[in-house]
There are 2 protein chains.
Amino acid sequence: MESRYQNIVDKMRDRHFRITPQRLAVLKILLTSKAHPSAEHIYDEVKEHFPTMSLATVYKTANLLKEMGEISELALKDGSSRFDGNPHPHPHVVCARCKAISDFDDIPLGSLTDEIARKTGFMITTHRLDFFGLCPRCQQDQPS
Amino acid sequence: MESRYQNIVDKMRDRHFRITPQRLAVLKILLTSKAHPSAEHIYDEVKEHFPTMSLATVYKTANLLKEMGEISELALKDGSSRFDGNPHPHPHVVCARCKAISDFDDIPLGSLTDEIARKTGFMITTHRLDFFGLCPRCQQDQPS
DNA sequence: CCCTTATGGATATTGATTGTCCACAACTAT
DNA sequence: ATAGTTGTGGACAATCAATATCCATAAGGG
């Protein structure tokens, strides 16, 4: 946990990216949260400590970390995105009503990937598996 | 094939949706194409027969058919969408370079869906499984 | 064939995300 | 430490696919 944080900071330094308080704040949230926060959500959290924080800075930092391969981005159907401190592909369960996103234990798709590569000729680099439905809370609430 | 087309037209009539040449043209393309066309692509095709065709009409028709459960929409990371005449969830293989999308034989995720529903408490209604990589053609072309 | 009403088409709008710009802060080397 | 360089934060404008809006008109029932 703390080691992962320190490891990423070191990589940033190695790449001659500047270690700024804003970036550290965004990084810490991404590594801590299990809620797959939106840029807006991260923005709100960081703003409490840095009132001048800009939404653009959140996006820039998140994209930087994504480019470094340290986080992943989950683009939703509506065009918005959620960020995930875990950069490795793994299944998600998405509530169609409240947009809550839960992780699920990694499911090995390696053999399936090989099969698809063989049958299609594609060079497969990654995948994405999402399940959609209603979370327990939204199943109880009155429909929409 | 022809029966599916006729079946959908009948359903439209039953629902008191009007059967217009524009809608039929969009529907025919969606049922015929295996290329998972974009709205823009459908627009270009229909425009050859109906020069006054509007992109908005393509979207309206596609959304209508999606609402009827007769087609599906594949939202891509960049915010654009592709449409699929097959409304049932099935894996896709997406080329990260040329954006070509190929179908793959249906892969049963039923037992996995059940397991996820049991462990998360979600009521799972659908899923999406995409593989990303490079198609055979783009593997040969010079990088970017 | 007429009447009612949904639809097509042109256009404006949306909303998440990104680009632009410059003052300023973060690293470097002395 | 300190000054010099250069990448970065923040405000704002711009982007782009997709959707909403509007009204004349065409589709289908009577």
Side-chain angles (χ1 to χ4, degrees), chain A residues 9-30 36-68 71-83 99 101, chain B residues 9-29 36-68 71-84 99 101:
Chain A
V9 173
D10 290 343
K11 283 185 187 170
M12 289 175 69
R13 213 187 317 273
D14 290 347
R15 294 246 239 143
H16 299 285
F17 297 144
R18 293 196 175 156
I19 317 296
T20 66
Q22 291 91 338
R23 286 179 172 178
L24 294 179
V26 171
L27 173 60
K28 188 159 281 183
I29 290 173
L30 283 171
H36 308 80
S38 65
E40 194 83 30
H41 181 82
I42 297 171
Y43 169 62
D44 289 337
E45 285 220 6
V46 177
K47 202 165 50 177
E48 292 184 9
H49 300 277
F50 300 89
T52 67
M53 186 68 177
S54 161
L55 190 55
T57 298
V58 175
Y59 281 110
K60 290 173 188 170
T61 303
N63 282 330
L64 182 72
L65 292 169
K66 187 172 56 142
E67 198 186 319
M68 291 175 66
I71 69 167
S72 56
E73 180 177 2
L74 302 171
L76 302 188
K77 285 185 277 231
D78 64 3
S80 66
S81 276
R82 308 284 285 272
F83 295 97
K99 310 302 179 195
I101 300 180
Chain B
V9 174
D10 290 343
K11 283 184 187 170
M12 290 175 68
R13 213 187 317 274
D14 290 347
R15 293 246 239 144
H16 299 285
F17 296 144
R18 294 192 176 162
I19 316 296
T20 67
Q22 291 89 339
R23 287 180 171 179
L24 294 179
V26 172
L27 173 60
K28 188 159 281 185
I29 290 173
H36 307 79
S38 65
E40 193 83 32
H41 181 83
I42 297 172
Y43 169 61
D44 289 338
E45 285 222 7
V46 177
K47 202 165 49 176
E48 294 185 8
H49 299 279
F50 299 91
T52 65
M53 186 69 178
S54 162
L55 191 54
T57 299
V58 175
Y59 281 110
K60 288 174 190 169
T61 304
N63 283 329
L64 182 72
L65 292 169
K66 186 171 56 138
E67 198 188 318
M68 292 176 66
I71 69 169
S72 55
E73 180 177 3
L74 302 172
L76 302 188
K77 285 184 277 231
D78 64 3
S80 67
S81 275
R82 308 284 284 273
F83 296 96
D84 190 333
K99 310 302 179 195
I101 301 180

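No hydrogens, no waters, no symmetry mates; every other heavy atom, side chains included, goes into these values. Protein chains get the first letters and strands the later ones, always in sequence-line order, with residue 1 at the start of each. What you see is a predicted model; the values in this text were computed from it and never measured.
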Might you point out which heavy atoms bring [X] and [Y] nearest each other, and give the distance in Å?
X	Y	answer
B:Arg15	B:Glu67	NH2-O, 4.0 Å
A:Leu30	A:Leu65	CD1-CD1, 3.9 Å
A:Ile101	A:His36	O-ND1, 3.2 Å
B:Ala39	B:Tyr59	CB-CZ, 3.4 Å
B:Ala62	B:Ile71	O-CD1, 3.4 Å
A:Ser81	A:Ala75	OG-CA, 3.6 Å

[X] has an atom [atom1]; how far is it from atom [atom2] of [N], in whole Å?
X	N	atom1	atom2	value
B:Leu24	C:dT7	CG	C1'	13 Å
A:Glu40	C:dT17	CD	P	9 Å
B:Tyr43	C:dA10	OH	C1'	10 Å
B:Phe50	C:dG9	CZ	C1'	14 Å
A:Glu67	C:dT18	CD	C1'	14 Å
A:Leu74	C:dA16	CG	P	17 Å

Sort me out a list of protein N/O and nucleotides 1-6 of chain C N/O pairs below 3.5 Å, or just none if empty.
| from | atom 1 | to | atom 2 | distance (Å) |
| --- | --- | --- | --- | --- |
| C:dT5 | O2 | B:Arg18 | NH1 | 3.1 |
| C:dT5 | O2 | B:Arg18 | NH2 | 2.9 |
| C:dA6 | O4' | B:Arg18 | NH2 | 3.4 |
| C:dA6 | N3 | B:Arg18 | NH1 | 3.1 |

- prompt: So, are B:Asp14 and B:Lys11 salt-bridged, with charged N and O less than 4.0 Å apart?
  reply: no
message: Need to verify one output field. Residue with the more 5' nearest nucleotide on DNA chain C, A:Arg82 or A:Arg13?
response: A:Arg82
query: Does a side-chain N or O from A:Ser81 land closer than 4.0 Å to OP1 or OP2 of C:dT17, or not?
result: yes
task: Report yes if at least one side-chain N or O of A:Gln22 is closer than 4.0 Å to OP1 or OP2 of C:dA25; otherwise report no.
output: no
- request: Give B:Pro21 one of three labels, base, sugar-phosphate or nothing, depending on what nucleic acid heavy atoms sit under 4.0 Å from its own.
  value: sugar-phosphate
query: Counting any heavy atom closer than 4.0 Å, what does B:Leu55 reach on the DNA or RNA strands: base, sugar-phosphate only, or nothing?
result: nothing
- line: In the 5' to 3' direction, the nucleotides of DNA chain D bounding the stretch that comes under 4.0 Å of a heavy atom in chain B are D:dA17 to D:dG28
query: Is there a side-chain contact between A:Val58 and A:Lys47 (heavy atoms, below 4.5 Å)?
result: no
Any side-chain heavy-atom pair of A:Val9 and A:Leu27 under 4.5 Å: yes
- prompt: To the nearest 0.5 Å, what is the distance between CE (B:Met53) and CD (B:Glu48)?
  reply: 13.0 Å
- prompt: For A:Ala56 and B:Asp78, take the nucleotide of DNA chain D holding the closest heavy atom to each; which residue's nucleotide lies nearer the 5' end?
  reply: A:Ala56
- line: Assign each of B:Asn63 and A:Thr57 the nucleotide of DNA chain D bearing its closest heavy atom; nearer the 5' end lies the nucleotide of A:Thr57
field: Pair of N/O donor and acceptor under 3.5 Å linking C:dT20 base with A:Lys60 side chain
entry: yes
statement: Side-chain contact check for B:Thr20: nearest option of C:dT7, C:dG9, C:dA16 is C:dT7
